[in-house]
Amino acid sequence: MKKAKVNKNKCLQCGGCVGVCPVGAVTLIDGKGIIIDKNKCIGCGKCKLVCPIGAIEIIKEDDDQ
Amino acid sequence: MKYLKKYDVIVVGAGPAGSICALECAKKGLSVLVVEKRQEIGAPVRCAEGLAKHWFDDIGIEVDPQYCRWKIIGGRVYSPSGKFVEITKDSEGFILERKIFEKKLAEKAIDGGAHYMVRSRVYDLIIEDGFVKGVKIDNGFEKFEVNCDVVVAADGVDSKIARMYGINTTADLNEVDSGFQYEMGGLNLENPELIHIFVGNEIAPRGYVWIFPKSKTSANVGIGIKGDDPKTAKEYLDNFIEEHSEIFKDAYPIEINSGVVPVGKPIEKPYGNGIIVIGDAARMVNPIHGGGIGLAMESGKIAAGILAKAKEKRDFSEETLKEFKEVWFKHRGEKLIKIWKARRFFEQLSDEDFEKLADILDGDAIYNIAHGSKIKELTKLFVKYPKLFNLAIKNLL
């Protein structure tokens, strides 16, 4: 399964990815940053494309262990 | 800080839409709570901060030097080769200091009787019998519920509130712009009294680079590009800065910001049982230039008028609240749809077409396009240019 992953070092926490997620998997929590709900994420990559600074990658879930 | 257990209105989001809505609700005698998820109202900035002067009169806010950072008297639009058209018609305005502007709007609303919470995230709605009856809030310390008759979703492009109710506000990638901006000092600006707009498919696909001066030597330098471009907005902007050393060779950033701007059509149904959606959350943004501060405040003001009537009738059903859409659409929405069509015209142009446009269009024509007026007359200007003419007939009318 492909999943979106935020690079927290790059992320400016603008929340731009939240509005384009078709399944509502992305949440912005002030102080914590962008949280992606792995159970909801379908790995479509829209958040990665729209991110103004390239802070989101699409990874195979196994790579994230 | 005393909060009620139940408010007439809970506004989610303390941006320009939310605070003006709260202020106007309070003025009309409604009890209102504004819930903001960020720890600081106005930050981070996700905006070029330009606001035309007429909005101050339209909305009823002061031109206050505390937040009106720099006066602008017009703008220049540059073609890819550097030809420019100057726009002066009705183009007076200000570059704001939005962090101060939004706090001042909130202070004004509080003076008017509104209550505020910050760093408080609405993680769910309370829905009973299909009606929104309150919100569930997490402020990091505790989770709690507050009841209300109606929720106003003013939670921006990253809106989740309307979705919680069941209004799909998910933005199509093709209908948003990806934005990035440096606020910079040390710029070499020849005309700091003007805003500067640079268009071109290599410069900013579907969008533009902007320089919005905040003093003689400082400015917001930003970019918006189509949401699905494989390169990032930052890459395009860094490239532009690299190629314009005449402006940027002594410049350094003092702030960086990113954000996503809705440039599609406004959402079809910005209301429901006990809910109204306003501002960026309802995609009430100018699809050509991406400006939304004035439109957001306007939608908040219109919503407050409808809410006051609903309160009088004690009826917050969608039958009553749909008047918001009707009033707003007649006043503003129709025009935004025309502008959205014009956006689709522009996004199909090549760099050569932009060069032609720089010769054909004058400042007034560009102003009219960006404001959705006299669109038919525009097509007449293209009669000699078959490609432009056909695109205009197909997209604009």
Side-chain angles (χ1 to χ4, degrees), chain A, chain B residues 36-40 43-47 118-121 123 138-140 155-160 162-164 168-181 222-238 255-262 264 280-281 283:
Chain A
M1 277 291 271
K2 288 180 174 176
K3 300 282 173 187
K5 192 186 176 196
V6 181
N7 181 332
K8 299 215 172 194
N9 292 326
K10 285 187 185 173
C11 179
L12 294 174
Q13 303 191 12
C14 70
C17 47
V18 176
V20 299
C21 176
V23 292
V26 190
T27 306
L28 171 66
I29 300 180
D30 211 26
K32 284 191 194 163
I34 296 295
I35 311 289
I36 295 172
D37 183 338
K38 277 189 178 182
N39 296 323
K40 288 189 188 166
C41 176
I42 54 171
C44 69
K46 288 186 176 178
C47 53
K48 172 192 156 86
L49 270 175
V50 86
C51 178
I53 54 170
I56 299 179
E57 304 164 81
I58 302 298
I59 54 163
K60 275 194 189 152
E61 207 187 14
D62 304 343
D63 301 350
D64 193 32
Q65 298 308 313
Chain B
E36 166 59 44
K37 70 171 179 284
R38 299 277 190 177
Q39 72 178 63
E40 181 181 3
V45 173
R46 297 178 294 180
C47 172
V118 292
R119 200 180 182 256
S120 298
R121 187 171 58 89
Y123 65 91
D138 180 354
N139 67 6
D155 53 334
V157 62
D158 42 335
S159 168
K160 291 206 123 180
R163 278 202 241 183
M164 289 170 190
N168 184 10
T169 55
T170 307
D172 195 278
L173 263 196
N174 190 38
E175 300 289 328
V176 296
D177 276 1
S178 174
F180 182 75
Q181 175 173 275
I223 189 169
I225 60 165
K226 61 181 173 161
D228 52 0
D229 195 274
K231 271 166 72 180
T232 65
K234 181 178 185 297
E235 286 173 90
Y236 280 103
L237 185 62
D238 286 342
E255 182 170 329
I256 63 172
N257 293 119
S258 59
V260 167
V261 183
D280 273 22
R283 321 261 175 260

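Labels below follow one simple rule: chain letters A, B, ... track the order of the sequence lines, proteins then strands, and each chain is numbered from 1. Quick note: numbers below take in every heavy atom, side chains included, and nothing from hydrogens, waters or symmetry partners.
- A distance of 6.5 Å separates SG of A/Cys21 from CZ of B/Arg163, quoted to the nearest 0.5 Å.
- Note on A/Ile29, A/Val50, A/Thr27: by heavy-atom pairs under 4.5 Å with chain B, the leading option is A/Val50.
- Interface remark: B/Asn168 contributes no atoms to any contact with chain A (heavy atom separation under 4.5 Å).
- A/Ile53 contributes atom CD1, which lies 6.5 Å from atom CD1 of B/Ile256 (distance to the nearest 0.5 angstrom).
- Only the backbone of B/Val157 has a heavy atom closer than 4.5 Å to any heavy atom of chain A.
- Rounding to the nearest 0.5 Å places CG of A/Leu12 at 4.0 Å from OG of B/Ser258.
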Exercise. Could you walk me through whether A/Asp30 and B/Arg38 pass salt bridge (charged side-chain N to carboxylate O under 4.0 Å, His left out), step by step?
Key: CA-CA 6 Å; A/Asp30 211 26; B/Arg38 299 277 190 177; 3.7 Å; yes

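- The candidate from A/Lys48, A/Lys46, A/Lys32 with the greatest count of non-hydrogen atom pairs under 4.5 Å with chain B is A/Lys46.
- Of the atoms belonging to B/Arg121, it is side-chain heavy atoms, and not backbone ones, that fall under 4.5 Å from chain A.
- In this structure, the portion of B/Asn257 lying under 4.5 Å from any heavy atom of chain A is its backbone and not its side chain.
- Residue B/Lys160 touches chain A through its side chain alone, counting heavy-atom pairs closer than 4.5 Å.
- When each of A/Pro52, A/Gly24, A/Cys17, A/Gly19 is scored by its heavy-atom pairs under 4.5 Å with chain B, the top score falls to A/Pro52.
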